[in-house]
Number of protein chains: 2
Amino acid sequence: MARNSISDELIIETSARLSNKVGLDNLSLKMIAEELDIKSPSLYNHISSLDDIKEKLMIYGWKELGEKAIDSAVGVSGYDALRKMCYAFYDYTTNNKGVFQAMLWYNKFKSDEMANATIKIFGILHKILEPLNISSNNVEHIIRTLRSFLEGFSLLVNNNSFGNPISIKESFDLSLDIIINGIKSLEGVK
Amino acid sequence: MARNSISDELIIETSARLSNKVGLDNLSLKMIAEELDIKSPSLYNHISSLDDIKEKLMIYGWKELGEKAIDSAVGVSGYDALRKMCYAFYDYTTNNKGVFQAMLWYNKFKSDEMANATIKIFGILHKILEPLNISSNNVEHIIRTLRSFLEGFSLLVNNNSFGNPISIKESFDLSLDIIINGIKSLEGVK
DNA sequence: TTGACTAAACTAATTAGATTAGTTATAATG
DNA sequence: CATTATAACTAATCTAATTAGTTTAGTCAA
């Protein structure tokens with residue numbers, strides 16, 4: 001070791017906080033370095049590029065969200081659990097805008113670590129849906145439906161893209177009603 | 001006029017083509033200028049910044065998609081029309097990845113022109129849903145549901161974020177089944 | 001306790017791209 | 001043919017990422 005030695009975790013946590021404040025696009029090594037009271041080239045002792053930080057931010061975000069999602073689904077099951085998890089998702093992504101941007105844009109499959117980033121949260125979804133009367137193939141498709149909706153909705157809210165004064169919470173609630181009713185219709189249970 | 005004079009449209013069309021090829025993040029004034037056989041500072045006679053181009057690309061994309069969406073819904077109505085429009089959406093966004101990135105990220109409400117970018121396509125959706133037996137307030141919410149799903153799904157496909165070999169087309173189809181059945185359940189018609 | 005080792009900081013330099021300032025060429029108009 | 005305005009150009013500036021090379025200070029073995 002040498003000097004005060006900043007940990008890799010501190011860099012990511014700092015980047016997370018800063019990106020949530022100023023937006024991922026405006027996150028710079030300069031800014032991170034200043035916040036940590038070091039010079040920007042010193043960051044290269046810990047990371048390999050700005051893009052590297054953004055990838056790590058992506059993994060950090062999915063991990064953190066995964067943990068919150070688990071907490072949210074404790075003690076409930078079925079559609080109640082699904083609903084709680086969706087709210088946890090929305091809460092996290094709208095309260096961590098910068099990190100969520102990274103979660104969206106850097107979630108490509110370039111490495112195992114990246115590929116596994118979302119395993120936790122969508123694994124939970126799997127466990128919630130499994131006991132229902134749905135074919136396992138359809139469970140996979142439904143996870144994609146939910147994921148698309150959740151990521152899309154959060155993105156639109158964060159970007160302030162809904163050009164309409166009606167309540168966002170109501171939209172989210174009704175959307176969940178629609179999707180859940182739709183899933184039930186596949187169950188043949190309705 | 002002076003010299004060969006490159007039109008604003010040509011700049012945007014060129015930018016669209018290039019961004020679809022290399023990704024919006026990699027689009028640069030240098031690249032656009034080279035493609036147009038001029039020097040990059042010359043672009044400033046037409047645009048005010050790289051961000052300005054990206055905003056225009058956003059508007060260009062929503063406009064182009066709006067036109068395709070109209071075409072897709074000609075001669076059909078109700079849920080058939082809805083389904084066709086969703087396919088048109090998916091087709092466009094996955095065949096124009098760079099432009100779609102701009103459509104997602106630059107769709108904030110900073111000006112009337114920007115606010116109106118999506119009016120056409122979501123207006124069509126409105127017309128499709130209006131005749132159904134749904135409260136007008138719910139129609140607005142449903143448009144948000146659909147929009148979230150469509151944008152989210154396209155983004156995930158374009159980013160290759162679905163880490164699963166099952167068919168993407170089947171996922172899309174089943175998702176539409178789910179959402180449409182869900183909407184029907186709101187109609188009380190089912 | 002000390003001296004070697006190494007991690008992690010530092011400064012200086014390089015590079016690339018966006019943007020600005022100031023200059024020049026050419027098409028259109030009278 | 002002369003004027004004018006537009007849109008090109010070159011030169012210069014600025015900022016941020018990244019690389020190269022240097023220095024400092026914890027750690028650990030003798």
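The structure displayed is predicted, hence computed values, not measured ones. Residue numbers start from 1 in every chain, and the chains themselves are labelled A, B, ... in the order their sequence lines are given, proteins ahead of strands.
Residues that satisfy the salt bridge (Lys or Arg N to Asp or Glu O under 4.0 Å) test with Lys30(A), not counting sequence neighbours, are Glu34(A). Take Phe162(B) and apply the ring-ring contact (aromatic ring centres under 6.0 Å, His included) test, not counting sequence neighbours, and it matches Phe153(B). Shown here are the side chain to side chain donor-acceptor pair (under 3.5 Å) partners of Glu9(A), two or more places apart in sequence or in another chain: there are none. With sequence neighbours excluded, the residues forming a side chain to side chain contact (heavy atoms under 4.5 Å, CB included) with Ser111(A) are Glu113(A), Met114(A), listed by chain and number. For Asp52(B), the salt bridge (Lys or Arg N to Asp or Glu O under 4.0 Å) partners at least two apart in sequence or on another chain are Lys56(B). Applying the side chain to side chain contact (heavy atoms under 4.5 Å, CB included) rule to Leu150(A) yields the partners Cys86(A), Phe89(A), Phe172(A); only residues at least two apart in sequence or on another chain are considered. Not a single side chain to side chain donor-acceptor pair (under 3.5 Å) links Ser15(A) to another residue, sequence neighbours left out.
A sub-4.0 Å separation between OP1 or OP2 of dT6(D) and a side-chain N or O of His46(B) is absent. One finds no side-chain N or O of Ser42(B) lying less than 4.0 angstrom from the OP1 or OP2 phosphate oxygen of dA7(D).
A straight line from NZ of Lys39(A) to C1' of dT19(D) spans 18 Å, rounded to a whole angstrom. dA8(C) atom P lies 18 Å from atom CG of Asp37(A), rounded to whole Å. The distance from atom CD1 of Ile6(B) to atom P of dA27(C) is 14 Å, rounded to the nearest whole Å. Rounded to whole Å, the distance from CG on Asp8(A) to C1' on dA7(C) is 12 Å. Ile38(A) has its CD1 atom 5 Å from the P atom of dA9(C), to the nearest Å. Between the CG atom of Leu43(A) and the P atom of dT11(C) there is a distance of 14 Å, rounded to whole Å.
Within 3.5 Å, a donor on the side chain of Asn45(A) pairs with an acceptor on the base of dA9(C), or the reverse.
Note: Tyr106(A) and Trp62(A) fail the aromatic proximity criterion, with ring centroids not under 6.0 Å apart.
For the helix from dT1(C)-dA30(D) to dG30(C)-dC1(D), the terminal axes (five pairs an end, C1' atoms, rotation from four pairs onto the next four) enclose an angle of 0°, given to 10 degrees.
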List every contact pair, protein side and nucleotides 16-20 of chain C side both N or O, where the distance is under 3.5 Å.
residue	atom	partner	partner atom	Å
dA18(C)	OP1	Leu29(B)	N	3.1
dA18(C)	OP2	Leu29(B)	N	3.3
dA18(C)	OP2	Lys30(B)	N	3.3
dT19(C)	OP2	Tyr44(B)	OH	2.6
dT19(C)	OP2	Leu50(B)	N	3.0
dT19(C)	O5'	Tyr44(B)	OH	2.8

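Of all non-hydrogen atoms in Asn20(B) and Asn95(B), the two that sit nearest each other are ND2-O, 4.5 Å.
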